[in-house]
Amino acid sequence: MIKTILCTAAIATSLATGSALAHDSHGDKAALIYDHPLPNVPGKSMRAVLVEYEPGGTSAGHTHPKSAFIFATVLEGAIRSQVNDGPVTTYRAGESFSEFPGDHHGVSENASATEPAKLLAVFVVDTSETELTTYNDD
């Protein structure tokens, strides 16, 4: 039930805003679907990004702003992820993980070569941040 509500809210908001963050040639697409200053935490905002992976799709290694705390939950399919030097872990629909300020996301990919996958990443970040993702130069 929660998965359905989150997915429906994410898609509805995405259609309403129509704003895309990035289209990566490796088979992922990211769209900013929510952006709101936190009224009780001056200088901080909550932003949500819907990441959609084609079958076999990947995101290049990347970091997020040093001010960002991220809560990510898989909405559909399965996603393989590695943060810093931790293990490569597969998260399935309904499972979640966090990224802390300064973390490096080395692996972020669809675990399936035949089915799409979706991830909702919720950021708590400095309101002044304009770039939510910085890709590695490799």
Considering only distance and modelled atom types, tabulate donor-acceptor pairs under 3.5 Å from the side chains of residues 84-91, sequence neighbours left out.
residue : atom : partner : partner atom : Å
Asn84   : OD1  : His104  : N            : 2.8
Asn84   : ND2  : Asp103  : OD1          : 2.8
Thr89   : OG1  : Pro87   : O            : 3.4

Could you give the side-chain donor-acceptor pairs of residues 121-130 under 3.5 Å, partners two or more places apart or in another chain?
residue : atom : partner : partner atom : Å
Asp126  : OD1  : Lys44   : NZ           : 2.7
Thr127  : OG1  : Gly43   : O            : 3.2
Thr127  : OG1  : Lys44   : N            : 3.3
Thr127  : OG1  : Lys44   : O            : 3.2
Thr127  : OG1  : Ser45   : N            : 3.4
Thr127  : OG1  : Ser45   : OG           : 2.8

* To do: With side chain to side chain donor-acceptor pair (under 3.5 Å) as the test, would you mind laying out the steps for Tyr53 and Ser59 before giving the verdict?
  => CA-CA 9 Å; Tyr53 293 90; Ser59 292; 3.2 Å; yes
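Taking the side-chain hydrogen bond (donor to acceptor under 3.5 Å, both in side chains) definition, one finds that Ser96 meets it with Thr73, sequence neighbours left out. Remark: Ser81 pairs with His105 by the side-chain hydrogen bond (donor to acceptor under 3.5 Å, both in side chains) rule, at least two apart or across chains.
Considering Leu50, Val74, Val49, Asn110 as possible partners of Leu119, the one that fulfils the side-chain contact (heavy atoms from CB on, under 4.5 Å) test is Val74.
Looking at Asp28, its side chain never comes within 3.5 Å of a backbone N or O of Gly57 through a donor-acceptor pair.
Two residues are said to be in side-chain contact when any heavy atoms from C-beta on lie closer than 4.5 Å; Pro116 and Glu52 fail this criterion.
Leu132 and Val83 are not part of a single hydrophobic cluster, where members link through side-chain heavy atoms under 4.5 Å apart. Val51 is not connected to Val107 by any chain of hydrophobic side-chain contacts under 4.5 Å among Ile, Leu, Val, Met, Phe, Trp and Tyr, and they are in different clusters.
To the nearest 0.5 Å, atoms CD (Glu95) and CD1 (Ile79) are separated by 11.0 Å. Interatomic distance, CG of Leu75 versus NZ of Lys118, reported as 7.5 Å (0.5 Å rounding). For the atom pair CD of Gln82 and OG of Ser108, the computed distance is 11.0 Å after rounding to the nearest 0.5 Å.
Counting only residues at least two apart or on different chains, the salt bridge (Lys or Arg N to Asp or Glu O under 4.0 Å) pairs with a member in residues 31-41 are Asp35-Arg47. Within the structure, ring-ring contact (aromatic ring centres under 6.0 Å, His included) pairs that include any residue of residues 67-90 comprise Phe69-Phe100 (at least two apart or interchain).
Aromatic ring pairs are classed by plane angle as parallel below 30°, tilted from 30° to 60° and perpendicular above 60°; the pair His64 and His62 is perpendicular.
Annotation for Pro55 and Ala113: closest pair CB-O, 3.2 Å, computed over non-hydrogen atoms. In terms of heavy-atom proximity, Ala78 sits nearest to Ala117 at O-CB, 3.8 Å.
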